[in-house]
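What follows is one structure encoded as structure tokens, with my remarks underneath.
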Amino acid sequence: AWLPLWGLAGSTTLFLAQTALWAFVERMGVNAKFSAEFIGVALGVSTLVSVAAALGVGWLTLIISRFWIMLVAALGELGCLFVLIDDFSATTYFVSVVVFQICWNAWVPIQMANIAAVDTSGRFTVVIGLFQAIGVAIGPVLVSHFLTGTGFLPVNITGAIFVIITVLLFAPIAFQRGSIQEASFEPSYS
């Protein structure tokens, strides 16, 4: 029973990492002197484009395993957090928020599938949303305690730490027999 619990903890840390940045990403753009219109377009486009990631990740699992998708998404998020530290251009900001959202939305269905695969009772899968909501609530609150002045470095550090923790929590689940759909070009109907 501990694997589904680790998965739920990973769901919390995943959303904590995401909202640690997402709650302040608009403020980071304002601090960089970008216009409200530009920031709005960047955030809107990122959300729209990331829908394709959520839809495409199911197809992607036919080619590569879930764990590698999760790892690539985590590395993508870490890269975005790194380039958004200080003194970034409008192009860097735009690309980073789009890539961050794509990686975030690629993570969500994969982590849900991994939890469902190790939850033989079905009791844990139904509360994934609750644990995600806990992360959504904690992320911005946690980061806000470390913010001083106009610097947003605590946002990046907190996000990066919890992305890494999430990968570590999901690694034993991903490598558990039967919890990972191995790459194949034939869909599995079992």
Side-chain angles (χ1 to χ4, degrees), residues 6-54 57 67 69-112 114 128-171:
W6 276 48
L8 292 176
S11 291
T12 300
T13 58
L14 171 68
F15 276 80
L16 191 155
Q18 311 314 308
T19 58
L21 173 68
W22 213 249
F24 296 98
V25 75
E26 180 268 343
R27 302 308 313 154
M28 293 167 79
V30 169
N31 192 54
K33 309 285 191 259
F34 303 143
S35 70
E37 293 81 11
F38 173 78
I39 295 167
V41 168
L43 298 179
V45 167
S46 72
T47 302
L48 184 63
V49 170
S50 70
V51 170
V57 79
F67 179 75
I69 296 169
M70 294 170 81
L71 188 60
V72 167
L75 292 173
E77 288 185 356
L78 290 172
C80 293
L81 289 164
F82 177 75
V83 299
L84 288 175
I85 288 178
D86 273 324
D87 200 29
F88 43 83
S89 69
T91 302
T92 301
Y93 180 84
F94 190 93
V95 170
S96 294
V97 296
V98 169
V99 170
F100 191 86
Q101 274 270 56
I102 288 170
C103 293
W104 179 355
N105 280 335
W107 253 102
V108 175
I110 296 297
Q111 58 101 20
M112 289 179 164
N114 278 339
I128 292 172
L130 169 66
F131 282 81
Q132 291 171 341
I134 291 169
V136 168
I138 294 173
V141 173
L142 178 66
V143 170
S144 68
H145 290 295
F146 299 111
L147 291 176
T148 58
T150 59
F152 290 97
L153 184 59
V155 169
N156 306 78
I157 292 171
T158 303
I161 288 169
F162 283 98
V163 164
I164 293 167
I165 290 171
T166 301
V167 171
L168 295 174
L169 286 169
F170 273 101

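For reference, positions follow the sequence shown, starting with 1.
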Exercise. Can you spot which of T47, V51, L48 makes a side-chain contact (heavy atoms from CB on, under 4.5 Å) with Q101?
Key: T47
Exercise. Could you tell me the separation between the SG atom of C80 and the CG atom of L75, rounded to the nearest 0.5 Å?
Key: 11.0 Å
Quiz item: Looking at CG of L142 and CD1 of I161, how far apart are the two atoms once the value is rounded to the nearest 0.5 Å?
Solution: 9.0 Å
Self-check item: For T12 against F131, the heavy-atom pair lying closest together
Solution: OG1-O, 3.0 Å
Practice problem: Check for a donor-acceptor pair, side chain of N156 on one end and backbone N or O of L81 on the other, with a separation under 3.5 Å. | Solution: yes
Quiz item: What residue pairs, at least two apart or across chains, pass side-chain hydrogen bond (donor to acceptor under 3.5 Å, both in side chains) with a residue in residues 70-89?
Solution: Q18-E77, S89-T92
Practice problem: Calculate, to the nearest 0.5 Å, the distance between atoms CH2 and CZ belonging to W107 and F15 respectively. | Solution: 11.0 Å
Self-check item: CD1-CG distance between I164 and L169, expressed to the nearest 0.5 angstrom
Solution: 12.0 Å
Quiz prompt | Closest contact, heavy atoms only, V98 versus A42 | solution = CG2-O, 4.4 Å
Quiz item: Where do G10 and T166 come nearest, in terms of heavy atoms and distance?
Solution: O-CG2, 3.6 Å
Quiz prompt | With sequence neighbours excluded, residues passing ring-ring contact (aromatic ring centres under 6.0 Å, His included) with F38 | solution = F34
Quiz prompt | side chain to side chain contact (heavy atoms under 4.5 Å, CB included) assessment of W22 paired with L43 | solution = CA-CA 10 Å; W22 213 249; L43 298 179; 3.7 Å; yes
Practice problem: Specify the closest pair of heavy atoms between L21 and M28, including all atoms of both residues, with the distance to one decimal. | Solution: CD1-SD, 3.6 Å
Exercise. For residues F170 and G7, report the shortest heavy-atom separation together with the two atoms involved.
Key: CZ-O, 3.5 Å
Practice problem: Check whether any side-chain heavy atom of S144 sits under 4.5 Å from a side-chain heavy atom of F24, and report yes or no. | Solution: yes
Quiz item: Taking all non-hydrogen atoms of both residues, which atom of G135 and which atom of T19 are closest, and how far apart?
Solution: O-OG1, 3.4 Å
